[in-house]
Amino acid sequence: MDIANYLYLSAALFTIGAVGVIVRRNAIVVFMCVELMLNAANLAFVTFSRLNGNLDGQVASFFTMVVAACEVVVGLAIIVTIFRSRRSASVDDASLLKR
Amino acid sequence: MLNLALQLGQTKTPEAVLFWILAPLAVLAGIGMLFAKKAVHSALLLAWIMITLAFFYIAQDALFLGIVQIVVYTGAVMMLFLFILMLIGVDSSDSLTETIKGQRATSITAAIGFGGLLISLIGRATVGHTALGLAEYNVKGNVQSLAEALFTKYVWAFEVVSALLITAALGAMVLAHSQKIKSRTLQRDLSAARFRGPSLSTAAGLPSSGVYARHNAVDVPALLPDGTPAPTSISATLKARGDMLDSKIFELEVKEVEED
Amino acid sequence: MKANNYLVYLIALPLFSAALLLLLGRIADKWGHLLATLVSASTFAIGAYEFFAMRSRSGVDRAITQHVIQWISVGTLKVDGALLLDQLSICFVLLITGVGTLIHIYSISYMEHDENRRRFFAYLNLFIAAMLLLVLADSYLSLYVGWEGVGLASYLLIGFWNQRPAYATAAKKAFVANRVGDVGLSLAIIIAFTQFGTVSFAGVKAGAPHASSAALTAIGAMLLLAAAGKSAQFPLQSWLGDAMAGPTPVSALIHAATMVTAGVYLITRSNFIFDASSTARLLVVIVGAITLLFGAIIGTAKDDIKKALAASTMSQIGYMILATGLGPIGYAFAILHLLTHGFFKAGMFLGAGSVMHGMDDEVNMRRYGGLAKFMPITAITFGFGYLAILGIPPFAGFYSKDKIIETAFNAGGNKGWILGGAALLGAAITAFYMTRVVVLTFIGAKRWDSMAHPHESPLLMWLPMAILAIGSVTSGFLLSSGSALVHWLQPIVNAGNVEGGKELMKPLTVSLLALGVVVIGAGAAIIKYRTVASEAPSNISIFTKAARKDLYQDSFNEAVLMRPGQGLTDTLVKTDHNLIDGAVRGVGWTLNTISSAARSIQNGYVRSYALIMVLGTLALVATVWLVTL
């Protein structure tokens, strides 16, 4: 099997995640789609590590996971705060940026 | 040639089987995420994708990452997601109709273009590129080798990332902390508020569930003096879930007493 | 040329007094007029002292200068703030301070019931200071300061009752007309500086013989324009009639005796320029001749006593301007007529003020009649002035006006006949309209209504009138006996050099001729105005109509200057609105439109921003794809 298949899968998942971020309105789902994109990137890292024959890709992947964890923690805290004040988790409701 | 083919078949075929079974499922799950009306379903599909990826990590000589993927990601992060979902209403299902004009068409077009370009690029970059493999690095074991890289070559990045993690934890605490801006409502205040309200009908307090009904379970509404059920006696959560019973069936049969 | 310390006080005292009265405000209401009158009297005392001091000197020592400050020192232009008192200046100093003081005294009573009397006196003192600076200046630039100063004082005093819009407009009109003349003066100064490198009188006089005739003619013409603006000469004469909006003492002081004669002073002072340019002289006599007839004709049709006198002033200054254009001897006669005119015209204006005072500020002569009985002193003093302006011997006008007519005839050739004829005709018309004024006002049946109670004015008012009347009688004889003034002014204007030129007519012939036409004019007026309606007749000839309308000077100005100016301004406004503002607004509109379009991108939806990010990434990937192709 061609190892590049893993990269194709990674690209597909990344694209799906990106579409989810754009299309879905529920903030939590949007976040999960971001996680999906990060995971797709991780898969690409791991595959590159194997392709190039060194561990740097896996280390990068490890760091990505840590950053993803941070992002989830802060992002969910923001969602909770917004939900508390607006009783809604829709990203369209928080559209005060235009004013 | 034959030798090479054999080698390929021996080492790669199980991986190919694994890939060709799990990869389509992962893509399907991803697409399912986009169409799931309930966030919980999306979360479960994501968890499935993550586990799939963990399999792939292990198959690609990244044992440590595979385990971390399952334990930290699927176990901790996804549970955090579910926890928040529970917090803000697990039942709420989203409407999938688009409200921003042109958003969906543009995004799908962009996504197809993006994916196509990416796949084309990957194909161009990896054609005729053979994998070097990680056999020599994993001689001491994947975990040991990764630990060596992390704590020697990448120790600075490691330290910075740990600082980031701590900061994020603190930040989340600050964000999620809600300041109390008014004093707690005491029973005395509630009592005063009942009497100061527009009507005195609830001055004596709302009825408890099951009053005058023959059943005092929390999902049975109380009966008002005229025999009609009082929805105010039931918790709002139960009402929203549709778990309210009709109290008629618990009504006491009243026999007409003849006046002498 | 010893430095003299008193000259600067002539200007400083009234200036300081004016500033004090204006700055102190109501505090000075009680004693402001007294201070101003005292200051004016003290300037007259200084002037008299200087006059006798000058008399005691002789020859070139008579003129004195006082260096006050070094005013301007820029490159080659050096102007000293210096004062020059010579035989010409002292005449004006005495006239200004003398008549000025009399009018201060008169005003104390005349303005008694005006709550702004202090302000009035402050302006009067300001005028005295500016006028003295004008005549004491030793350079054109210093003169220009005084020139503008009297313009300002005139503006402030004409518009003194500026609560009446018509009066405020009259003040503005005088100001604007004067500005036109001032352009001429500033141009003359500029040309003088480029030609001679100096603006002092002495420097220009020294340089004049060497300058080109074109430059001298240009300077002369510009000075004439300045004189026309200040002295209400054709074609800038239209403001003087309206200037009668000011209080009557102002009309007497500024618009009869002193300020309006500043043009005559300017031309006389610049005699070295006019002597060197016959073209400029010709322009001067033309302007003078036109104005003296113009003013006289307007004077015949005015029912407003002050406006009739104003027209007369215009006409008499025309005589003076005519005289200044007639060469060296003419300057002396111009100054002579200026001085005698200062007496009798100021006296008549004060008389008119006295009549108005007694008639509740009525100015229409058709509502007077027979006032001689009720205000005899006014009638007598006015009568002296009347006889003086007519030129009846031995009154002052006889000595000065006949000399001018005589000099005009002596100009030689056709020019002499035309100018002399014009002057003689002017004298006839003068006799006509002045007789008309006197007959309408003091003689005949009474035409005022029962509300009026004519009465004689108080002592403070008739005393100055009496003094001026004495001047009207005696000044002509005193100044011209033995050609006193001519000899006095001889160092300034070189008058003696041409004395004894060829004479067209003997003085006696001219005097008899003049007396003849005066009698004809006066007789015609007496016959015509023995009886008169109290309302002005409306079935009048077009000549009368034109004269009543100041010979259409205002209409002319309006049609030729104002309307095209308005049209130009309108066009400019439209251009500004459509072209310039349009361009500016267009830029704004374009930006606005673009911004509105761009704003729809900023809809506040996170998902839209995410989509744009994705599109950006797509562009990046596409670039990579193309580059690595």
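Quick note on labels: first sequence line is chain A, next is B, and so on, each numbered from 1. Values reported hereafter were calculated over all heavy atoms of this structure, with side chains retained and with hydrogens, waters and symmetry mates removed.
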In terms of heavy-atom pairs under 4.5 Å with chain B, which of V72(A), V67(A), I79(A) leads?
V72(A)
Best-contacting candidate, A18(A), S49(A), A69(A), G20(A), against chain B by heavy atom pairs under 4.5 angstrom
S49(A)
Taking every heavy-atom pair that is under 4.5 Å apart, which of V29(A), V59(A), V80(A), V19(A) has the most such pairs with chain B?
V59(A)
Under 4.5 Å from a heavy atom of chain B, the part of F62(A) involved
both
From Y57(B) atom OH to Y6(A) atom OH, the distance as rounded to the nearest 0.5 Å:
11.5 Å
Side chains of I84(B) and I28(A), heavy atoms from C-beta outward: is any pair under 4.5 Å?
yes
Plane angle bin for F158(B) and F63(A) - parallel if under 30°, tilted between 30 and 60°, otherwise perpendicular
tilted
Part of L51(A) within contact of chain B (heavy atom distance under 4.5 Å)
both
Segment of L38(A) engaging chain B (4.5 angstrom heavy-atom cut-off):
side chain
For L80(B), which atoms come within 4.5 Å of any heavy atom of chain A: side chain, backbone, both, or neither?
both
What option among V66(A), L9(A), N39(A) has the most heavy-atom pairs under 4.5 Å with chain B?
N39(A)
Can you tell me how far the CE atom of M33(B) sits from the CG atom of L36(A), to the nearest 0.5 Å?
5.5 Å
Can you name the closest pair of heavy atoms from S107(B) and I22(A) and give their distance?
CB-CG2, 3.6 Å
Could you tell me whether F83(B) atom CZ has more than 12 heavy atoms of other residues or ligands within 6.0 Å of it?
no
Segment of I31(B) engaging chain A (4.5 angstrom heavy-atom cut-off)
both
If I take atom CD1 from residue I49(B) and atom CD1 from residue I16(A), how far apart are they, to the nearest 0.5 angstrom?
7.0 Å
Who in residues 62-71 of chain B is close to chain A, using a strict under-4.5 Å heavy-atom cut-off?
A62(B), F64(B), L65(B), V68(B), Q69(B)
Look at L55(A), V73(A), V23(A) and state which one has the largest set of heavy-atom pairs under 4.5 Å with chain B.
L55(A)
Is it the side chain or the backbone of D92(A) that comes within 4.5 Å of chain B heavy atoms, both, or neither?
side chain
For the residue pair Q60(B) and L43(A), establish whether any side-chain heavy-atom pair is separated by less than 4.5 Å.
yes
Any heavy-atom pair between the side chains of R25(A) and T97(B) that's under 4.5 Å?
yes
What residues, two or more places apart in sequence or in another chain, satisfy side-chain hydrogen bond (donor to acceptor under 3.5 Å, both in side chains) together with Y73(B)?
E35(A)
Separation between CD1 (I119(B)) and OG1 (T15(A)), nearest 0.5 Å, reads 6.5 Å
Heavy-atom closest contact (L165(B) atom, C70(A) atom, distance):
CD1-SG, 3.2 Å
Check whether M173(B) gets within reach of chain A through its side chain, its backbone, both or neither, counting any heavy atom under 4.5 Å.
neither
What part of A157(B) is in contact with chain A, defined as an atom under 4.5 angstrom from a non-hydrogen atom: side chain, backbone, both or neither?
both
Heavy atoms only, distances under 4.5 angstrom: which of V72(B), N142(B), I108(B) has the most pairs with chain A? Name it, please.
N142(B)
Going through the checks in order, is the side chain to side chain contact (heavy atoms under 4.5 Å, CB included) test met by M32(A) and L45(B)?
CA-CA 10 Å; M32(A) 289 193 293; L45(B) 289 168; over 6 Å; no
Winner by heavy-atom pair count (cut-off under 4.5 Å) against chain B, out of G53(A), A68(A), A77(A)
G53(A)
Side-chain heavy atoms of S42(B) within contact of R24(A), under 4.5 Å
yes
Based on non-hydrogen pairs under 4.5 Å, which of A149(B), S162(B), G123(B) is most in contact with chain A?
G123(B)
Write down the atom of A11(A), the atom of I122(B), and the distance for their closest heavy-atom approach.
CB-CD1, 3.9 Å
Would L53(B) and N42(A) count as a side chain to side chain contact (heavy atoms under 4.5 Å, CB included) if you check the C-alpha gap in whole Å, the side-chain angles of each, and the deciding distance to 0.1 Å?
CA-CA 9 Å; L53(B) 291 186; N42(A) 269 355; over 6 Å; no
Given that the side chain runs from C-beta out, which part of A43(B) has a heavy atom under 4.5 Å from chain A: side chain, backbone, both or neither?
both
Working to the nearest 0.5 angstrom, can you tell me the gap between L121(B) CG and L7(A) CG?
11.5 Å
N5(A) versus W20(B): any side-chain heavy-atom pair under 4.5 Å?
yes
Contacting region of F31(A) [heavy-atom separation from chain B under 4.5 Å]
both
Side chain, backbone, both or neither: which part of T47(A) has a non-hydrogen atom closer than 4.5 Å to chain B?
both
When V27(B), L34(B), V161(B), D61(B) are compared by non-hydrogen pairs under 4.5 Å with chain A, the top option
L34(B)
